[in-house]
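Reminder, nothing fancy here: chain letters follow the sequence lines and each chain counts from 1. Computed from a prediction, not measured in an experiment: that's the story for all the values here.
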Amino acid sequence: MEIDDEMIKSKGEEEDKKKPIVVILVGAPGSGKSTFCDHVMRVSTRPWVRVCQDTIGNGKAGTKAQCLALSNTSLKQGKNILIDRCNLDKEQRADFVNLKNSHQVDIHAIVLDLPAKLCISRCINRTGHEGNLQGGRAAAVVNRMLQKKESPKINEGFTRITFCYNENDVQSAMDTYGSLSSINTLPSGCFGEKKTDSKVQVGIMKFLKRVDAPSKLASDKTDKTEKTDKTTPGTSNDNTTQENHPVNEVETVEEFVNKIGNGRLVLVDLSHGSKILSLVKTKAAKKNIDSKKFFTFVGDITKLQSGGLKCNVIANAANWRLKPGGGGVNAAIFDAAGPDLDTATKQRAGSLTPGKAITIPLPSTSPLFSKEGVTHVIHVLGPNMNQKRPNCLKDDYQKGCRVLKEAYVSLFGNFESIVRNQEKLCKHFDGVLNSGVEKVRREDDEVCGTEKNKKFKGFVEEKEMGGKVNKDWGSWAQALYKIAMNPEKHGNDVIEILDDVVVLNDVYPKAQKHVLVVTRVKGLESLSDVGEEHLPILRTMHDVGLKWAQTFLKENESLVFRLGYHSAPSMRQLHLHVISQDFDSKHLKNKKHWNSFNSSFFRDSVDVIEEVREEGKPKLNDDEKFMSMELRCNRCRSAHPNIPRLKSHIAICKSPFPENLLQNGRLLHAPTKV
DNA sequence: GTTCTAGAAC
DNA sequence: GTTCTAGAAC
C-alpha cells in the first residue's frame, strides 16, 4: 500500500476544508484499533474524538447507542471521530456510515486485517486492555469474530477505505491520518486492498522448497528422509517464445534436478486446462525425471501454502525493469507480497537482462512470507520479442531458445544456491518451516542420551562435509530459546509476540531500559550462524528494536539507546540487545558485563546488517581479550580501576558520546525539539 | 579490616 | 546468563 504525503490534497474544495471525517476502524480484538486511535490523536492537529465502545460506559463497556450518541454530539461540535469498535460486518458499520445523512461528513474505513495469530497473541498478552479480552479465551473469540468478517466496500457509503495487512501498512495509515491537518483532505477510493481474484495470472513460473521431516539426517547418512522441496520454474508465456516450448524447461530441469539436494521443482499454473502443464508433464515422464523431484501443480502461485503445497521459493517472470504491475504473474506476485518486495527488489537491482535471474530474500513483513511461507522470490527474465523493450530478438528463434535456456539455468542456479544455504542453516535437522519445526521442537524437549549421540554424529558428518558446527549450549543457556519457541507459555516474560520475533525485558537488565528482541527462526542461534539469507530477519529484529527504543524514548527523553548483538553470546538463540546507555543497574557487576556492551565485542545492529549485505556474514569480535579490556567510560573514554569506580563516574559523566557511535544511527536519541 | 575480582558450578 | 566464594588488592 502506498500512502504518502503526495496523496494528501492540500487544496480541497472550500466545503471539504470544513468537512469532518468519521473514521470507522474495522478489525478484530488485538488488531491495533486503539493503538491507531491513540497515535492519530497524539500526533494530529485535527480535533479528534475517540468513540470506544469498550470504555464508553464511564470507563466500562457500553452500547452501540451510546457510541452513536457521542458521535452525534461530537460531530455537532465540529470534531472528527474515530469509531473504535470491531465493526467487522456491514450491519455493525451501517449506523455509523449513516452519520453522513445527518451531518456534513466523509466516512472513512481503516481495515486492520492483520494475521489472526498476531491479534490473538496481542490479546493474550495485553494487560488491562479496555476490552478485557484476556487469557486463553482470546483465541476463540478472535476466531469467531473473524469468521463473520465482511470487508467494507465503497458502496456501503464510504468515501475512502484503507486496507492494512501488516504493521507497515498500519504505520503508513497512521502516518497518513496523523499528518492530516484540518484543511487537508485525502483522496477518495480504496487503498491497499489485496486482489483475491487475480484472474489475469497467465503462465506461471514457480519454484518452491519445503523442509518436511528432517529428523533422521544425523543418525544415518544413507537415510536422507528429509524432504526439501521446491517447485520449479514453470514457464511464462508472457509475450515470449517459450509458451509452446517446454523443451528448454524440461531439459534444464533434467540437468538440475540432481544438483539441488533435497529441493524439489514444481511447475505451477492456474488452470487445470493449462496446455503448458500437460506438455511439460508428458515430456518429463518420457525423460524419466523423478516425479518426486519435479512435478506440476494447479493453483495460484501466490497462495500455494493455502492451496496445500508448501513452497519457499517462487520464480517470477519479471519485466526488464523489475517493476510491479503489468498484469500477469508479475503483478499477482508483487501484489501478494506487498510493497516490501518492491523495496527489497529495488535495493538489489534496477533492471534485468533477458536470460538472467536474481534472488530477492523476501522481508518477513511481507504477507507472502507470513501467510504463505515464501522466503525468496527469484525474478527471471526470458527472451524478449517486443521491439519497444531492450534486447529484442527480432524473430531470431534460435537465439530466443538460447536465451530461454540461459534463463532457466540462471533461475535454477539461484535456486541451487538458496537450497545450499538453507541446508547449511538446517545443520542438524533444524528445519525452518513449520511442520519441521514442530517435530524438531518436540524432540528437543526430550533430549536424552541417544538424541545427544545423534547430534554428535550429525556434527561430525557436517564437519567432514565442511559445514559449520553448532555451539554446545549449557542448560542454563536455553531460556531465550525456549521462550522464542513457545512464547505463549511465557506470558509474563514476553512483552510482544510477532510471527518471527519475540520481545522481552532482560531478566537482569544492565541499564535502566534493556530489552531483548529474540528471533524465532529455528537454528539461528547466534551471530555466527548469520548469513545473507537472514537479512530479512535481521532487519525485522532491528525494526522491532527500534520501535521499542522509540517507545521508551517517549517515556523518558533523556535516555539514549544502542541496538546490537554480542559477538559470542552466552544464551542460545540470536537476540538483539536494545539497551539504554546509562548502564544504571544493580545487575551490572563485573568487567565482562561492561565490556560486553562497551567493546568491539558488541556489534551494532546497523553494522551487522551492512556487513551481511555486503560480505554475506557479520564480523565477529569474539576474542576473550575484549572481556578483560580496561574499563573505560562509554562517553569520555576515561579509564577506571574497578567496576564501582567506573559506575560512580558514568553516573555523572556528561561528555558527548565518541564520534564513531554518533554516526550511522548507532545511537538513538529522542527527537530534538525545535 | 573491607572491597573487589575471577573461576567453578549451575 | 547468575551465584557463590576464596583470595587478591587495597
Colleague: Between A:Asp543 and A:Lys547, does any NZ, NE, NH1 or NH2 come within less than 4.0 Å of an OD or OE carboxylate oxygen?
Modeller: no
Colleague: State which residues pass ring-ring contact (aromatic ring centres under 6.0 Å, His included) with A:His640; sequence neighbours excluded, sorted by chain then number.
Modeller: A:His649
Colleague: Report the distance from atom CD of A:Gln478 to atom P of C:dT2, rounded to the nearest whole Å.
Modeller: 17 Å
Colleague: Is it true that atom NZ of A:Lys647 has more than 12 heavy atoms of other residues, nucleotides or ligands lying nearer than 6.0 Å?
Modeller: yes
Colleague: Ignoring backbone atoms, test whether A:His587 places a side-chain nitrogen or oxygen under 4.0 Å from the OP1 or OP2 oxygen of C:dG1.
Modeller: no
Colleague: From the options A:Val494, A:Leu480, A:Val503, A:Val501, select the one residue that forms a side-chain contact (heavy atoms from CB on, under 4.5 Å) with A:Val518.
Modeller: A:Leu480
Colleague: A:Phe602 vs A:Phe597 aromatic rings, parallel, tilted or perpendicular, using cut-offs 30° and 60°?
Modeller: tilted
Colleague: Is A:His593 near enough to C:dG1 that one of its side-chain N or O atoms lies under 4.0 angstrom from OP1 or OP2?
Modeller: no
Colleague: Could A:Arg603 and A:Tyr565 be counted as a cation-pi pair, given that NZ or CZ must be under 6.0 Å from the ring centre and within 45° of the axis?
Modeller: no
Colleague: Report, one pair per line, the protein and nucleotides 6-10 of chain B atoms (nitrogen or oxygen only) whose separation is under 3.5 Å.
Modeller:
| residue | atom | partner | partner atom | Å |
| --- | --- | --- | --- | --- |
| B:dC10 | N3 | A:Trp476 | NE1 | 3.4 |
| B:dC10 | N4 | A:Trp476 | NE1 | 3.1 |

Colleague: If only side-chain N and O atoms of A:Lys589 are considered, is one of them under 4.0 Å from the OP1 or OP2 phosphate oxygen of B:dC4?
Modeller: no
Colleague: Just the rounded figure in Å: distance from P of C:dG1 to OH of A:Tyr508.
Modeller: 12 Å
Colleague: Taking the inter-plane angle between the rings of A:His587 and A:Tyr508 on a 0 to 90° scale, is it parallel (under 30°), tilted (30 to 60°) or perpendicular (over 60°)?
Modeller: perpendicular
Colleague: Quick one about A:Asn621 and A:Ser567 (side-chain donor to acceptor, distance below 3.5 Å, no hydrogens or angles considered), yes or no?
Modeller: no
Colleague: Which of residues 631-649 of chain A have a heavy atom under 4.0 Å from DNA chain B?
Modeller: A:Asn642, A:Ile643, A:Pro644
